[in-house]
**Q** 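Below you will find the structure I want to go over with you.
Remember, it's a predicted structure, so these values are computed and weren't measured experimentally.
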Amino acid sequence: TVVNDRNCFSFQAPDAWNIATGNPAPFFFNYSPKKIVSYMMGLPKGGANISVIVGREASEHPKSIDQWMKLRNRGHSFSSVQDLQISPNTGISRAVKVLWTDDYETTPHDIVTQTVAVFFEFHSQPFAAYLTFNTGDKKREVYLKTLLTLIESFRPLANCEGTGGPESP
């Protein structure tokens, strides 16, 4: 279980996935730590990453998921946008799934990856969960199910006041 006292939430880490330590946001990967490479060098075959980001800690500092999606859509052309129904037990009031393709033609391997992002409101705060995998990966549906299971496992921490960073009251 991943617990974030600062922002008053917890969620279940994906089964059989590794977690990268020392990152400000939870970062999970399903391949050997020995194969970690930069995004520009690409994911190993059959590899996927999931990261979960709190809006106020993101570089864009979005105030809402709509603003965040608008900012992201400037750099990436969304190929699909879909509202999701998430259990109210999660503390998530709204969730939207978007899909885009990243094409890094400047790398030696001409890497093409897909990103599925779920932007969601948790206790009125914007969050995003990003899943990235190689285009054409046969485990795409398994990865997507893993991402959605992670989001469905979100829970507010009981009696938590969290600092939430400099913008919280």
Side-chain angles (χ1 to χ4, degrees), residues 1-33 36 39 43 47-76 78 80-100 113-133 139-169:
T1 301
V2 174
V3 176
N4 184 310
D5 293 317
R6 180 177 175 178
N7 293 294
C8 299
F9 69 87
S10 69
F11 64 86
Q12 289 301 121
D15 289 338
W17 286 53
N18 299 299
I19 184 166
T21 57
N23 291 320
F27 180 82
F28 303 96
F29 54 100
N30 70 341
Y31 45 89
S32 167
I36 288 182
Y39 276 113
L43 292 167
N49 298 327
I50 295 175
S51 58
V52 179
I53 302 171
V54 180
R56 70 174 132 241
E57 296 172 359
S59 59
E60 300 97 338
H61 303 291
K63 302 289 185 210
S64 69
I65 64 171
D66 291 316
Q67 180 188 33
W68 207 347
M69 287 188 300
K70 186 176 180 180
L71 290 167
R72 283 292 169 149
N73 200 20
R74 288 181 189 161
H76 307 284
F78 295 165
S80 93
V81 178
Q82 173 188 8
D83 287 326
L84 297 176
Q85 298 299 315
I86 304 292
S87 168
N89 295 336
T90 61
I92 295 172
S93 56
R94 180 174 170 227
V96 179
K97 180 178 77 171
V98 301
L99 172 70
W100 69 79
T113 59
Q114 291 260 270
T115 298
V116 177
V118 177
F119 295 93
F120 57 99
E121 292 174 0
F122 175 80
H123 286 245
S124 302
Q125 292 296 319
F127 280 68
Y130 298 99
L131 163 66
T132 303
F133 54 91
K139 295 181 185 175
R140 178 186 195 282
E141 293 304 317
V142 173
Y143 302 150
L144 186 56
K145 183 177 180 185
T146 300
L147 174 66
L148 296 176
T149 299
L150 181 151
I151 291 168
E152 285 282 353
S153 75
F154 252 75
R155 295 295 182 268
L157 296 179
N159 303 315
C160 181
E161 295 180 22
T163 63
E167 296 178 20
S168 67

**Q** Say you draw a straight line from OG1 of Thr115 to CG of Leu99; how long is it, rounded to the nearest 0.5 Å?
**A** 8.0 Å
**Q** Could you tell me the separation between the CG atom of Asn30 and the CD1 atom of Ile50, rounded to the nearest 0.5 Å?
**A** 8.0 Å
**Q** Can you tell me how the ring of Phe11 sits relative to the ring of Phe9, calling it parallel under 30°, perpendicular over 60° and tilted otherwise?
**A** parallel
**Q** Can you pull out every side chain to side chain donor-acceptor pair (under 3.5 Å) where at least one residue sits in residues 142-156? Sequence neighbours excluded, please.
**A** Asp137-Tyr143
**Q** List in chain and number order the residues that pass side chain to side chain contact (heavy atoms under 4.5 Å, CB included) with Ala13, two or more places apart in sequence or in another chain; answer none if no residue qualifies.
**A** Val2, Phe28
**Q** Taking atom CZ of Phe29 and atom CD1 of Ile19, what is their separation to the nearest 0.5 Å?
**A** 9.0 Å
**Q** If every non-hydrogen atom of Lys63 is compared with every non-hydrogen atom of Gln67, which pair is closest and at what distance?
**A** N-OE1, 2.5 Å
**Q** Tell me, please, which residues at least two apart from Thr1 pass side chain to side chain contact (heavy atoms under 4.5 Å, CB included).
**A** Val3, Ser10, Gln12
**Q** Ala48 and Trp17: which non-hydrogen atoms are nearest, and at how many Å?
**A** O-CZ3, 3.5 Å
**Q** Under 3.5 Å, is there a donor on one side chain and an acceptor on the other for Tyr31 and Asn18?
**A** no
**Q** Can you give the donor-acceptor pairs under 3.5 Å from side chains of residues 90-98 to other protein atoms, not counting sequence neighbours?
**A**
{"residue": "Thr90", "atom": "OG1", "partner": "Ser87", "partner atom": "O", "Å": "2.7"}
{"residue": "Thr90", "atom": "OG1", "partner": "Ile92", "partner atom": "N", "Å": "2.9"}
{"residue": "Ser93", "atom": "OG", "partner": "Glu121", "partner atom": "OE1", "Å": "3.4"}
{"residue": "Arg94", "atom": "NH1", "partner": "Asp66", "partner atom": "OD1", "Å": "3.2"}
{"residue": "Arg94", "atom": "NH1", "partner": "Asp66", "partner atom": "OD2", "Å": "3.0"}
{"residue": "Arg94", "atom": "NH2", "partner": "Asp66", "partner atom": "OD1", "Å": "3.0"}
{"residue": "Lys97", "atom": "NZ", "partner": "Gln82", "partner atom": "OE1", "Å": "3.2"}

**Q** Which pair of non-hydrogen atoms, one from Leu84 and one from Leu148, has the smallest distance, and what is that distance?
**A** CD1-CD2, 3.9 Å
**Q** Out of curiosity, Arg6 CZ to Arg56 CZ, how far, rounded to the nearest 0.5 Å?
**A** 7.5 Å
**Q** Check Trp68 against Pro62 and note the closest heavy-atom contact, atom names and distance.
**A** CD2-CG, 3.3 Å
**Q** Can you check whether Pro156 reaches His123 side chain to side chain, under 4.5 Å on heavy atoms?
**A** yes
**Q** Between Ser64 and Pro126, what is the shortest heavy-atom contact and its length?
**A** C-CB, 3.8 Å
**Q** Report the distance from atom CG of Asn4 to atom CZ of Phe154, rounding to the nearest 0.5 Å.
**A** 8.5 Å
